[in-house]
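The block underneath contains the structure these notes are about, expressed in structure tokens.
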Amino acid sequence: MNTVPANPLHARDVRAFLPSRDFDVSKRFYCALGCPLEWEDEDLALFSLADAKFYVQRFYVKEWAENSMMLISVDDAAACHARVAALVESGLYPGIRVAEPRLEAPPYDAWVTYAWDPCGVLLHLVQWNARAGGETAEIVNTR
């Protein structure tokens with residue numbers, strides 16, 4: 001049997017790099033969404049969210065942007081929908097969209113609000129308590 005150590009890389013952090021069609025609009029969007037901007041230079045901005053961090057970069061390829069996704073675990077998918085809907089209504093962030101929260105079947109088995117950032121990155125705002133009667137649901141790898 002081939003076993004892999006629990007943390008073979010001894011990793012302490014994982015950070016995604018997200019594209020932006022308009023760097024300034026994307027930075028403002030993520031700040032308005034509630035992600036504090038920790039650092040920036042001309043081409044890169046570092047945001048924090050919960051115990052994680054991610055970068056938004058001044059770089060855009062349509063196919064990459066529209067195939068990028070980020071899952072964010074939240075306490076209330078409906079409240080997230082309302083927050084993003086207000087940002088859509090503001091007209092300050094061209095290109096953002098949001099879908100009504102919906103109950104997704106496994107592997108999510110959770111309420112999910114889908115939102116698109118200003119360049120098309122799909123955000124999965126996931127509330128992990130849908131069918132479990134208030135208990136936390138988890139994604140299970142069935143492979």
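As the structure is a prediction and not an experimental result, all values here were calculated from the model.
- Side-chain contact check for Phe29 versus Ile96: some heavy-atom pair is nearer than 4.5 Å.
- A side-chain donor-acceptor contact under 3.5 Å links Tyr55 and Arg15.
- Under the 4.5 Å side-chain heavy-atom criterion for grouping Ile, Leu, Val, Met, Phe, Trp and Tyr, Met70 is not connected to Val126 through any hydrophobic cluster.
- The backbone N or O of Glu63 sits less than 3.5 Å from a side-chain atom of Asn67, completing a donor-acceptor pair.
- Glu40 meets the side-chain contact (heavy atoms from CB on, under 4.5 Å) test with Lys27, Leu37, Ala45; sequence neighbours excluded.
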Side-chain atoms of residues 71-80: list all donor-acceptor pairs with protein atoms under 3.5 Å, sequence neighbours left out, distances to 0.1 Å.
| from | atom 1 | to | atom 2 | distance (Å) |
| --- | --- | --- | --- | --- |
| Ser73 | OG | Trp128 | NE1 | 2.7 |
| Asp76 | OD1 | Ala78 | N | 3.0 |
| Asp76 | OD1 | Ala79 | N | 3.0 |

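- Hydrophobic clustering (ILVMFWY, side-chain heavy atoms < 4.5 Å, transitive): Leu49 and Tyr93 are in one cluster.
- With values rounded to the nearest 0.5 angstrom, Thr113 atom OG1 is found 10.0 Å from Arg102 atom CZ.
- Other residues, nucleotides and ligands contribute more than 12 heavy atoms inside 6.0 Å of the CD atom of Glu38.
- Panel note: side chain Arg83, backbone Ala32; a donor-acceptor pair is recorded below 3.5 Å.
- Glu104 and Val112 get closest at one heavy-atom pair: CG-CG2, 3.6 Å.
- When all heavy atoms of Ala65 and Cys119 are compared, the closest pair comes out as CB-O, 3.5 Å.
- The hydrophobic clustering, which links ILVMFWY residues whose side-chain heavy atoms are closer than 4.5 Å, places Leu125 and Val121 together.
- Residues Leu44 and Phe17 meet the side-chain proximity criterion, which asks for heavy atoms closer than 4.5 Å.
- Residue Leu103 is not grouped with residue Leu123 when hydrophobic side chains (ILVMFWY) are merged at heavy-atom distances under 4.5 angstrom, including chains of intermediate members.
- Side-chain N/O atoms of Gln127 and Tyr108 include no donor and acceptor closer than 3.5 Å.
- Looking only at side-chain heavy atoms (C-beta outward), Phe59 and Phe23 stay at 4.5 Å or farther from each other.
- By the 4.5 Å heavy-atom criterion applied to side chains, Phe54 and Cys35 are counted as neighbours.
- At a cut-off of 3.5 Å, with distance as the only test, no side-chain donor of Tyr60 or Asp22 sits close to an acceptor on the other residue.
- Atoms CG and OG, from Asp117 and Ser26 in turn, are 5.0 Å apart once rounded to the nearest 0.5 Å.
- Distance check: Leu87 CG to Leu92 CG gives 8.5 Å after rounding to the nearest 0.5 Å.
- Using modelled atom types, one side-chain atom of Ser20 and one backbone atom of Gln57 make a donor-acceptor pair closer than 3.5 Å.
- At least one side-chain heavy atom of Tyr114 sits less than 4.5 Å from a side-chain heavy atom of His124.
- The closest donor-acceptor contact from the side chain of Arg58 to the backbone of Glu42 lies under 3.5 Å.
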